Each structure stands twice: as structure tokens, then as C-alpha cells.
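One structure is given here, and the rest of the page talks about it.
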There are 2 protein chains.
Amino acid sequence: MTPGMGRGAGPAAPRSADVAQLAGVSRKTVSRVLNNEPYVSAEARRRVLAAADELGYRLNHAARALASGRNRSIGVVALGTAGYGTASLLVGIEQAVRDAGYALRVVNTPDGDPEGITGAVESLLEQGVDGVVVSEPIVEGEVSLRVDVPVLFLGAPPAFSADRTVTASVGACALARAATEHLLDLGHATVHHLAGPRRWYASKDRIAGWRAALAARGAHEPPLVEGDWSADSGYAAGLELASDSSVTAVFAAGDEMAIGLIHALREAGRRVPEDVSVVGFDGNPVFAYVSPPLTTVRQPFDAASREGIRLLVHAIEKPDAELPPTSDPPVELVVRGSTAPPPSLQDQRHLQIT
Amino acid sequence: MTPGMGRGAGPAAPRSADVAQLAGVSRKTVSRVLNNEPYVSAEARRRVLAAADELGYRLNHAARALASGRNRSIGVVALGTAGYGTASLLVGIEQAVRDAGYALRVVNTPDGDPEGITGAVESLLEQGVDGVVVSEPIVEGEVSLRVDVPVLFLGAPPAFSADRTVTASVGACALARAATEHLLDLGHATVHHLAGPRRWYASKDRIAGWRAALAARGAHEPPLVEGDWSADSGYAAGLELASDSSVTAVFAAGDEMAIGLIHALREAGRRVPEDVSVVGFDGNPVFAYVSPPLTTVRQPFDAASREGIRLLVHAIEKPDAELPPTSDPPVELVVRGSTAPPPSLQDQRHLQIT
DNA sequence: TTGAAAGCGCTAACAA
DNA sequence: TTGTTAGCGCTTTCAA
């Protein structure tokens, strides 16, 4: 094959040797300029840049990767769902990765099952990524996998063993606790929880936060209701919960489930927030405009992905250094119209006024 | 550098030569097995596979890319937003790309401006992708860029010249037309349109569909209102539209804008759908559970991305063959509770009954 | 059906 | 500050 003639019949793509020749320097000097290495005279640098520009030179990353052993790319294993949460996380990751000067490779695991994750990581490793991000994994049981690059677990504890593992989280546990405490503060005797699928770490975190808040106040812990993040499943859960008149407050593990839940509650004749208060989880801004506007906690997707990528890049570039200290992301409760004091307290106030 | 000693102090990563040695064949035979090439005896194949498995061999994609000139990867230029639409599209693309046996690289263009797209494509080209997907671009003016691989424009006409260009779309124009016609069929004299930012091709398509429907019925075309896809901007537009009592039907170019719009309308004392009907655009299932449930058109993200990637892969693998025929995606109108006949017709019916 | 030799375009180590 | 040399791990000739 003629070099550079891969596609169509255009002229051969210029190589670093062409640039070197035109600039009148050696290939190594071209390499130095392109990699911002020191020990290049300003004059040589200028000439190389001018020659590269004139030729329309484009560095061949595959060759660089092969020669240097480093790829400057990070792979992310994402969930194949288009929810607000997962999408926000992916956007944040892309940005942070690009800012760090790395390329991003994405593999989805539609079902998020362990084999799926293993296969996805494996394929990223083959592609030669310098680091891997496992975003919101679903894991039952340990996955064993030989990984020789740092791995970042976003929103979950390490799901398999790797030489260098870093974690960062959105602080879901603290957020769930804040959501539950908000309801308790309003005077509700206890708070029901509409959780995500139990297989997800994200669900576990939120359940843990909810439990902690309940326990701290000595509140009775009602049985858990489980959904699948969808509004449909929230609706189904709402049908169930509506038949129990003792339910006055529900913390849903996702905004969309909360919306479905409220719909079912209202169809069953229970008013929100007068009879039942509902808190969501995520912070999708569109739900400020539904009726009632949804009280929720905002997940700091941006902060978490930025922080996580910072740690990952650190682990990649300084394998032997200590990890820099990390700070917990802020907890942000967005109080809107779907929460109110329980009916009992509302009545009391009403009687006092009368 | 000792081969394979890049990270940590583990044993050297096995190379194809190691596999060849263990299997007792040549490196070329290993290569043949790994690439599913013909002319390998079953026995040789078995031995190679066994050796690879025993060694935990992982193919080095960078080396393959360098030697073969092909990368088996596709790059996508996406928008750095976490909206339901863009996220759904990206998920669909990833799936289709993976199914086709390619790896996916992602670069976002936060602002979607022309320079952003140019830079993003450039960086993908450096990474050696075999094809590029430009997803829902925003373009004002032509971007000129030397691209020597096929480019797929998803939901937009070619934004810059490339040797081989393919396009696929969600059929936004037909969808917008269907949404508008639904309103017209209900008896509304005309339909207002809350458009997306004018710089987006996606907005233009929807405007064109809306106009076509209006023109076909001889309906008067009211002035356009422009939002930025957010619920906030829909709310702002709703405030504006609410003051005009002649408005009885609005087609919003996005579900979220529609939700904001409805909220503003109701705050201003106009009932939905009794006084004003609203149709959204996207088909996010969560909006079946708000009040009123949102009538919308569903974008066939999956079909469009699948079709687009099919064309792109065809263009990559058979550069000289004709493109296969393409079919228009289906138009799916989801009628829910946010649309009804205009007040005038409701009154008439009422009078007749009385 | 198989193998030997020659690169792909770049960077690393060393020498100048 | 610069250049020379020798690979990186794979695929591609082309010959056996």
C-alpha cells in the first residue's frame, strides 16, 4: 500500500519526515516540537510549526502510541441509558477528560451485568487506554479481571481488583440523607422510600442514606418499594403506596420515578403535597415546571466527574505518588412545591387558627 | 523501556510472537487467526486460540492500526448537553457502532460553534478514526476542512465538504408537520411555534415542517417565538404568548420547552388544553405522567442512528460501491392530554347539546 | 496452507 | 541544542 493512500485517490498524507525535511531539521526535532519538549530553539520550533502548517500535517496517534507506550486516552464504561443522570455524568466526564488532554473512548453495557462490564473493560484495554472509568456500575458479586491501568469508580466502591483504583462519588448517601431529613423536619413521622433496582450501587447508597436519617431520628423504617428508575415504575409504585393511608412522605431515588409516583397518588385521590409529600433525586431542572414543582436533591455530576478524572489522571501520570486529598461534593437540596408538613400538623395549625 | 513494563512491575504483556512460539506457528499465522482470515488449518487455529488464552494475550490495537492503516474506530462529535434527545442519540450511535465491530471515540463541542466542530473533527482525525459522525450540528456558514474519511451528518445537511458524505435523519421535518397537522385537525385556526435556537439545524427542520403544514391548509403563519431548548426558555416564551388571547395552539420544538410553556400559560390563567393546546417534540416518556400528560411526537433516535451508522460503515468498507437505499423513519405522534379542540369549537358543541 | 522479511510513523536512548 | 539509531507490535507483501 502506498503510504497515505488509504482512502480515495488524494495525495499521500504528510509524515513527520516530510515536515522535518521542509523545515530542514531532523525528525526528532519535529517530535520535540510537537510534544512541547524542552531543548528546542525558538527558531527551530517556528520553522517546524510553519512546515507542519504548510503541509497540513496531522500527527499519527497510533504510531505515537505504539512507540511511546502511552495513548493519551481514557475509556469509559457507561450505561446504555439516556437518563438525565447518566447523560449528565458522561458529559461531565468528557469535558474533564478533554481538559486533561486525553481522548475519550466509550463503551456501553446495555444491561450493566458483570460479564458486560468485564467485556467492556477488556475491549477498552485492547484499545490501549491509559485509564478506565466505570460509571455507576451494577454489580452483583465480584468481577475478576486483570487490569494494569488505573481504574476510576464513579459513584461506587471498587467492583473488581485492579492495581490502582480510585473512586469518586456524587455523595449519594449524604444527598439521600438530606432528602429524608427534609421530610422528617417537616414533621412526618416516617418516610417511605421508592428505591432503584437493588442490583445498582446507586440504589444502595440512597437506601443507606435514607436508613441513616431514619435511624438518627428514631423513626420507624417502613418496607422498601423498588422501581427501575423509569416513570412507569414510579407510577406502579404509587398505585401500591396510595392504598396505604399511613403513607405521608415518600423519598424517590430518581426524579422520573417521583413524577410517576405523584401521578399515581393523585389519580388515587391523594393530594400532593397536602396528603403526601414527595422528594425526588437528581435535580433535572425541567421538573421545576410541573405541578407541583418537584422538591429534589441535586446531584453534583460536574464536580464528581471533574474530581474523579483529576484523580485518575494523577494515578496515570504519577503512578507512585500519593493520591491528592479529595473533598466531598456539596449537598444541595432544592425545595419546591411537592413537600409540605403532614396532614396531622396542617390540621393542628388550622385548629389553632380557628 | 522493557517491553510491556509500562505500568507497575507486572510481567511483560504477551505479544503475538509469544503466542506464536507457544502455539508453534509463525506470527503471521497468529495474525490470520486473530483476523479471521482464511487459509488456516483448524488445528493451527485451535492451537493459537489456546495459546492466546493461556497467555492472557491482548491484541495491541495501536500496532494494528499503524500496520494496517485502519483503526476500526468511529469518532462522534456530540453536543455537550445532557438533554434527552442528544443523550438518546449518543446511546443509539454507540450501540450501532459497537454492533458494527467498531470502537467509539467521543468529542463534545460545548458551544457547537463552527470552530468547535472543526477542532473536534480535527482531533478525531488525528486519532485515526475511520469515519466521523457529526451529531445535530449547529452551523452558521460553511466550515472548510480537509477530511479524508467518510462523514455522517445526523439530522442535518452536510456542514462541510468531505470526499464521502452520508446523511441520516430522524425525519424532524415530517414530525414537525405531523405535530402541527394534529393541532390543525383539532380545529385550531392556526398554530404558533416555539422554536429552538435558530442556529441549530434541528430548529430549522422543525420550523420548515411547521410552515409546510400551515401552508398546506392555508393557515395564517404567526410570528415565531424562539427558545433555547430549556424549560426555562419555554416558561419565558409562555409568559409572552399568554398575553395574546388569540393563541389557542402552540407547537414547541422540544418537550422541555413545552413543559415550561404550559406552566407559564397556567400561571397566567389560561387552561391547558381547554384554552390553549400544546404539543411537544422528542417523546420523553416521563411526560406521560405530568398534568396534563404531554402530547408529543416521538423522535426515532434508534432507527436514525442505526441507519446512519449502517451507511457510514458501508462508506468506510466499500468506498467505491453505491450507497444502499435508505428509508425514511416512521412518524409517530403520541396524543395525550395537552391537546384539545379550540375554545370556539368546544363552545359550539356545548351550545348544541344544551 | 504457511512462513520470512520488510515496513507502518513515531519516540527513546544515546551520542554529538 | 540537535541528530542518529533502533525499535514499538502488528500486518503486508511475496515466496515456499
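The structure displayed is predicted, hence computed values, not measured ones. Numbers restart at 1 for each chain; the letters A, B, ... are given by sequence-line order, proteins then strands.
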Those residues that, when tested against A:E126, pass salt bridge (charged side-chain N to carboxylate O under 4.0 Å, His left out) (two or more places apart): none
For B:R45, all residues meeting salt bridge (charged side-chain N to carboxylate O under 4.0 Å, His left out), sequence neighbours excluded: none
D:dG3 phosphate, OP1 or OP2, under 4.0 Å from A:T29 side-chain N/O: yes
Qualifying residues under side-chain contact (heavy atoms from CB on, under 4.5 Å), relative to B:A87, sequence neighbours excluded: A:A82, A:A87
B:E37: partners by salt bridge (charged side-chain N to carboxylate O under 4.0 Å, His left out), with sequence neighbours left out: B:K28
Heavy-atom check, side chain of B:Y102 versus side chain of B:I316, under 4.5 Å: yes
Rounded interatomic separation in angstrom, taking CG from B:L34 and P from D:dG9: 15 Å
Sequence-distant partners of B:E322, salt bridge (charged side-chain N to carboxylate O under 4.0 Å, His left out), two or more places apart: none
B:S16 side-chain N/O to D:dC10 phosphate OP1/OP2 under 4.0 Å: yes
Atom-pair distance (CZ on A:R15; P on C:dT11), nearest Å: 14 Å
With A:R72 via side chain to side chain donor-acceptor pair (under 3.5 Å) - residues at least two apart: none
Rounded interatomic separation in angstrom, taking CG from B:N71 and C1' from D:dG9: 15 Å
Interatomic distance where CG belongs to A:N36 and P belongs to C:dT11 [whole Å]: 12 Å
Interface with DNA chain D, restricted to residues 39-48 of chain A and to heavy atoms under 4.0 Å: A:Y39, A:V40, A:S41, A:A44
Selection from D:dC10, D:dT13, C:dG9 that lies nearest to any side-chain heavy atom of A:L66: C:dG9
Distance test, side-chain N/O of B:S31 to OP1/OP2 of D:dT11, below 4.0 Å: yes
Close approaches to DNA chain D from residues 19-26 of chain A, in residue order (heavy atom, under 4.0 Å): A:V25, A:S26
For A:N108, all residues meeting side-chain contact (heavy atoms from CB on, under 4.5 Å), sequence neighbours excluded: A:A78, A:V106, B:V91, B:E94, B:R98
Separation of atom CG in B:L55 from atom P in D:dG9, rounded to whole Å: 14 Å
Minimum-distance pair of heavy atoms, taken over all atoms of A:V134 and A:V151: CG2-CG1, 4.0 Å
Results of side-chain contact (heavy atoms from CB on, under 4.5 Å) for B:S169 - residues two or more places apart only: none
Per B:R64 side chain, nearest of listed nucleotides C:dA12, D:dT12, D:dC10: D:dC10
Separation of D:dC8 P from B:D18 CG (nearest whole Å): 12 Å
side-chain contact (heavy atoms from CB on, under 4.5 Å) against B:R306, all qualifying residues, sequence neighbours excluded: B:Q95, B:D99, B:D302
Between D:dT1 (P) and A:E37 (CD): distance, integer Å: 13 Å
Phosphate OP1/OP2 of C:dC8: any A:N60 side-chain N/O under 4.0 Å: no
Between A:R64 and A:N35, a side-chain donor and acceptor under 3.5 Å: yes
Base C:dA12 to side chain A:K28, donor-acceptor N/O within 3.5 Å cut-off: yes
Which atoms of nucleotides 14-16 of chain D (N or O only) lie under 3.5 Å from a protein N or O atom, and what are those distances?
none

Per A:R27 side chain, nearest of listed nucleotides C:dA12, D:dA6, D:dG9: D:dA6
